[in-house]
Amino acid sequence: MHDPRISTAMRQLADLGRTESSPWAWAVAHIDPKGRVALPAEARQVLKVPQGRRTSMRGVCNRVALVVRAEGPGAAVAVDARGRLAVPVWLRRPPPAPVVVGVQRATAVVVVAPITVLEGLGDLLVGCLR
């Protein structure tokens with residue numbers, strides 16, 4: 001039987017719990033029928049989204065997530081006056097599934113990923129405990 005105390009994944013999670021303050025803030029959000037996700041307040045603050053005004057950010061997709069910055073490389077992605085980010089079609093899986101929104105304050109980056117990322121981590125953790 002596999003001992004979870006010596007599992008690499010479990011050790012990494014244990015190490016995460018030892019930090020005094022995490023560089024990330026996480027939230028679960030839902031994509032609306034028009035393909036937008038309401039950015040949490042911290043994400044709007046980090047990206048400097050002007051209140052009550054439509055603005056454009058820069059987004060880069062990798063195989064797992066959409067990475068958004070106020071400026072830099074990537075395609076233009078719209079944030080409406082209510083702070084909702086238009087997400088790429090591949091994130092709009094029917095039926096609309098929740099997404100994970102991560103904010104890294106130090107680099108002013110917001111990550112939007114399908115909830116399956118967390119489900120994969122959950123499966124890994126449960127697998128370690130079997």
R44 vs Q51, side-chain contact (heavy atoms from CB on, under 4.5 Å): CA-CA, chis, key distance, verdict = CA-CA 9 Å; R44 292 190 310 270; Q51 190 172 4; over 6 Å; no
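- Counting heavy atoms from C-beta outward, L85 and L66 have side chains that approach closer than 4.5 Å.
- By the criterion of side-chain heavy atoms lying less than 4.5 angstrom apart, applied directly or through intervening Ile, Leu, Val, Met, Phe, Trp or Tyr residues, V28 is grouped together with V111 in one hydrophobic cluster.
- Using a 4.5 Å cut-off on side-chain heavy atoms (C-beta onward), V100 and I115 make contact.
- Within the model, atoms CG of D123 and CG of L118 stand 11.0 Å from one another, a figure rounded to the nearest 0.5 Å.
- V109 and V103 are not part of a single hydrophobic cluster, where members link through side-chain heavy atoms under 4.5 Å apart.
- V117 and V101 fall into different hydrophobic clusters, where Ile, Leu, Val, Met, Phe, Trp and Tyr are joined by side-chain heavy atoms under 4.5 Å apart, directly or via other members.
- Between M57 and V49, some side-chain heavy-atom pair lies under the 4.5 Å cut-off.
- Taking the side chain as every heavy atom from C-beta outward, V110 and L47 approach each other to under 4.5 Å.
- Closest heavy-atom contact between A29 and A38: CB-O, 4.2 Å.
- Residue S22 holds its OG atom at 6.5 Å from CZ of R105, rounded to the nearest 0.5 Å.
- Atom CZ of R82 is surrounded by 12 or fewer heavy atoms from other residues, nucleotides or ligands within 6.0 Å.
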